[in-house]
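In what follows, a structure is listed as structure tokens, so that the remarks can point back to it.
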Amino acid sequence: MKTFRICLTAVCCCLVLGFAGCSRFGSKSKELPVLENREDFHWPQGKRAAISLTFDDARASQVDNGIPILDEYGVKATFYVSINSLEKRLPDWKKVVANGHEIGNHSMVHPCSGNFSFTHDRALEDYTLDQMRHELEQANSIIEHLLGVRCVSFGYPCGQKFVGRGRGLKSYVPLVAEEFQTGRGWMDEWANDPAFCDMAQLMAMELDGKDFEQVKQIMDRTLADGGWLVFCGHDIGEGGRQTTLTATIRTLCEYAADPANGIWLDTVEAVADHIVKQRTAGTNL
């Protein structure tokens with residue numbers, strides 16, 4: 001596997017040199033326009049709000065406990081995968097893709113602040129933008145080789161969006177904006193305004209540890225605002241640290257399936273595609 005990654009890295013570097021300055025979403029492309037009149041934005045089929053379920057790290061409990069529930073209700077979710085975990089359960093993750101779920105990029109080695117004891121050897125404080133770009137491209141290449149999909153969604157590891165430290169600190173949000181359609185944060189406090197939100201800095205709220213009544217309070221607030229609520233979870237099971245409760249997922253799927261509740265439950269990519277179309281069309285009227 002090590003040899004394979006080295007080869008992929010070489011191919012990726014050749015592509016970067018051959019197409020210097022190019023990226024999937026284009027560093028020179030215009031920013032997605034903002035709709036000045038919020039009433040110009042409409043969710044499909046008269047829905048009142050959108051919700052995306054997202055899960056990080058390609059943890060085993062996601063395929064063992066979460067996917068069966070989601071597939072039972074026909075709900076599609078977004079999984080931001082860590083490469084090592086993906087490789088350990090590759091046949092299962094191929095089935096996840098075949099069932100219509102979205103795979104997102106979560107970097108090569110999950111770098112976070114060195115203040116976390118588990119990231120001293122991959123601390124964002126020690127990264128450069130070039131190093132981050134290389135690792136994002138490398139992760140995309142490996143995911144595409146293993147699963148046959150090209151990621152358009154990125155999940156910031158630990159929800160952190162910087163490299164370097166002090167006066168030399170830089171945001172890598174512009175890099176994510178070049179390489180992906182969306183970049184999703186974590187541990188935020190609100191839903192996204194579809195007419196205004198920065199697609200490279202989508203806010204996401206924690207799903208782990210919440211029962212359905214806690215989740216419903218957040219959903220009700222989003223429905224009232226007509227927003228896009230992105231939930232973020234990790235393990236899926238009956239309880240424990242960083243664990244989204246299976247009972248909460250099941251009840252949420254049932255609640256969203258009722259047309260009277262006005263919820264569009266879909267992947268980050270699907271909702272983002274709709275927002276891009278609405279905001280592009282709305283500014284060309």
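Everything quoted here is computed from the prediction, not taken from an experiment.
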For C197, disulfide (SG to SG under 2.5 Å) partners two or more places apart:
none
Please say yes or no: joined through hydrophobic side-chain contacts below 4.5 Å, possibly via intermediate residues, are V149 and I142 part of one cluster?
yes
Where is the tightest heavy-atom contact between E269 and E102, given as atom of each residue plus distance?
N-OE1, 3.0 Å
Say you draw a straight line from CZ of F154 to CD of E179; how long is it, rounded to the nearest 0.5 Å?
10.5 Å
Is a side-chain donor or acceptor of D57 paired with a backbone partner of R59 at a separation under 3.5 angstrom?
no
State which residues pass side-chain hydrogen bond (donor to acceptor under 3.5 Å, both in side chains) with E238; sequence neighbours excluded, sorted by chain then number.
T246
If hydrophobic clusters are built by linking Ile, Leu, Val, Met, Phe, Trp and Tyr wherever their side-chain heavy atoms come under 4.5 Å apart, do M203 and Y80 end up in the same one?
no
Rounding to 0.5 Å, atoms CG (L229) and CE (M205) come to a distance of 7.0 Å
Can you find a heavy atom in the side chain of I83 that is under 4.5 Å from one in the side chain of I143?
yes
Indicate if M132 and V81 have the same hydrophobic cluster label, given that clusters are the connected sets of ILVMFWY residues with side-chain heavy-atom separations under 4.5 angstrom.
yes
Which heavy-atom pair separates C151 from N140 by the least distance, and what is that distance?
CB-OD1, 3.2 Å
Sub-3.5 Å donor-acceptor pair from the side chain of T119 to the main-chain atoms of F116, do we have one?
yes
Would you say the side chain of L53 lies within less than 4.5 Å of the side chain of L252, judging by non-hydrogen atoms?
yes
Given 3.5 Å as the limit, does a donor-acceptor pair link the side chain of H110 with the main chain of P157, or not?
no
Can you check whether H134 reaches M108 side chain to side chain, under 4.5 Å on heavy atoms?
no
Please report the shortest heavy-atom distance between A272 and T182, naming the atom on each side.
CB-CG2, 3.7 Å
Sorted by first residue and then second, give each salt bridge (charged side-chain N to carboxylate O under 4.0 Å, His left out) pair with at least one member in residues 104-122; sequence neighbours left out.
none
Please list all pairs meeting ring-ring contact (aromatic ring centres under 6.0 Å, His included) that have one or both residues in residues 212-238, counting only residues at least two apart or in different chains.
W186-H234, F212-Y255
Sequence neighbours excluded, the answer for salt bridge (Lys or Arg N to Asp or Glu O under 4.0 Å) partners of D188 is none
Partners passing side-chain hydrogen bond (donor to acceptor under 3.5 Å, both in side chains) against E213 (at least two apart in sequence or in another chain)
none
Evaluate D64 against R89 for side chain to side chain contact (heavy atoms under 4.5 Å, CB included), listing each step before the verdict.
CA-CA 10 Å; D64 292 336; R89 298 289 296 271; 2.7 Å; yes
Could you verify whether a donor N or O on one side chain and an acceptor N or O on the other, from T244 and D208, lie under 3.5 Å apart?
yes
My understanding is that only one of T78, D266, L265, L202 makes a side-chain contact (heavy atoms from CB on, under 4.5 Å) with V271; could you say which?
D266
Taken in chain and number order and not counting sequence neighbours, the residues that satisfy salt bridge (Lys or Arg N to Asp or Glu O under 4.0 Å) with E72 are R250
Is H101 reaching over with its side chain to a backbone N or O of A77, donor-acceptor style, under 3.5 angstrom?
yes
Please check this pair: side chain of W93 against backbone of L147, looking for a donor-acceptor N/O pair closer than 3.5 Å.
no
Can you find a pair of side-chain heavy atoms, one from V163 and one from Q131, that are under 4.5 Å apart?
no
Looking only at side chains, do D235 and S61 share a donor and an acceptor under 3.5 Å apart?
yes
Got more than 12 heavy atoms from elsewhere within 6.0 Å of NZ, K170?
no
Which atom names give the shortest non-hydrogen contact between F79 and Q62, and what distance separates them?
CD2-OE1, 3.4 Å
Could you state whether I218 and L245 fall into the same hydrophobic cluster, counting links through intermediate Ile, Leu, Val, Met, Phe, Trp or Tyr residues with side-chain heavy atoms under 4.5 angstrom apart?
no
Measure from the side-chain N and O atoms of N261 to the backbone N and O of I263, and report whether any donor-acceptor pair falls under 3.5 Å.
no
Hits for side-chain hydrogen bond (donor to acceptor under 3.5 Å, both in side chains) against Q214, two or more places apart or cross-chain, chain-then-number order -> none
Closest non-hydrogen atoms of V230 and T54, given as atom of the first, atom of the second and distance, are CG1-CG2, 3.8 Å
Without swapping roles, check the side chain of S107 against the backbone of L136 for a donor-acceptor pair under 3.5 Å.
no
Distance col, row I69:CD1 vs I249:CD1, nearest 0.5 angstrom, shows 5.5 Å
So, using disulfide (SG to SG under 2.5 Å) as the criterion, who are the partners of C253 when residues are at least two apart?
none
Measuring centre to centre across the rings, with the benzene-like ring taken for any Trp, is F41 within less than 6.0 Å of H274?
yes
Please round to the nearest 0.5 Å and tell me the distance separating atom OG of S85 and atom CG of L90.
12.0 Å
Give every residue pair that meets the side chain to side chain donor-acceptor pair (under 3.5 Å) criterion with at least one member in residues 190-199, sequence neighbours excluded.
R38-D193, D198-Q201
Without swapping roles, check the side chain of Q181 against the backbone of M199 for a donor-acceptor pair under 3.5 Å.
no
Can you sort out the partners of S113 under side-chain hydrogen bond (donor to acceptor under 3.5 Å, both in side chains), two or more places apart, ordered by chain and number?
N115, E125
Treating R279 as the side-chain partner and P33 as the backbone partner, does any N or O pair qualify as donor plus acceptor under 3.5 Å?
yes
Is there side-chain contact between T222 and I51, with at least one heavy-atom pair below 4.5 Å?
no
Can you tell whether the side chains of D220 and K216 come within less than 4.0 Å, N to carboxylate O?
yes
For the atom pair OG1 (T248) and NZ (K210), what is the distance rounded to the nearest 0.5 Å?
10.0 Å
How long is the gap from OH on Y127 to SG on C112, to the nearest 0.5 Å?
9.5 Å
Using salt bridge (Lys or Arg N to Asp or Glu O under 4.0 Å) as the criterion, list what pairs up with D225, not counting sequence neighbours.
none
Do any N or O atoms from the side chain of K47 and from the backbone of G226 form a donor-acceptor pair under 3.5 angstrom?
no
Where is the tightest heavy-atom contact between G227 and P194, given as atom of each residue plus distance?
CA-CD, 3.9 Å
